[in-house]
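Atom set for the values below is all heavy atoms of this structure, side chains included, hydrogens, waters and symmetry mates excluded.
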Amino acid sequence: MAAAGSRYLKEPFECAHEHRFDATERIMALQFGTVEKRLERIEAMIIGVEKRLWMTVFGVVGVILSQAVQSLLEFGPK
């Protein structure tokens with residue numbers, strides 16, 4: 001004769017908190033991975049901006065030095 005009642009009351013079941021904890025860990029791992037990728041992209045963009053900035057600084061210094069040399073050549077002995 002079969003036992004009366006629900007099988008869920010008699011059989012052990014897995015804890016919902018454990019599944020929720022595992023899911024939360026997986027979601028956090030995905031979020032941290034996404035944040036890390038974004039930070040890497042931001043760092044790459046910063047490096048590009050830094051290179052452009054230094055190229056601009058060297059260009060301005062080069063123009064100033066060339067004008068100084070040109071003015072010295074104009075006032076030099078003829």
May I have the list of side-chain donor-acceptor pairs in residues 60-70 shorter than 3.5 Å, sequence neighbours left out?
from  : atom 1 : to    : atom 2 : distance (Å)
Ser66 : OG     : Gly62 : O      : 3.2
Ser66 : OG     : Val63 : O      : 2.8

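- Within the hydrophobic cluster formed by Ile, Leu, Val, Met, Phe, Trp and Tyr side chains joined at under 4.5 Å, directly or through other members, Met55 stands alone, with no partner residue.
- Residues satisfying the ring-ring contact (aromatic ring centres under 6.0 Å, His included) test with Phe58, not counting sequence neighbours, are Trp54.
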Only pairs under 3.5 Å count here: list side-chain donor-acceptor contacts from residues 23-48, not counting sequence neighbours, and write none if there are none.
from  : atom 1 : to    : atom 2 : distance (Å)
Thr24 : OG1    : Arg20 : O      : 2.8
Arg26 : NE     : Asp22 : O      : 3.4
Thr34 : OG1    : Leu30 : O      : 2.9

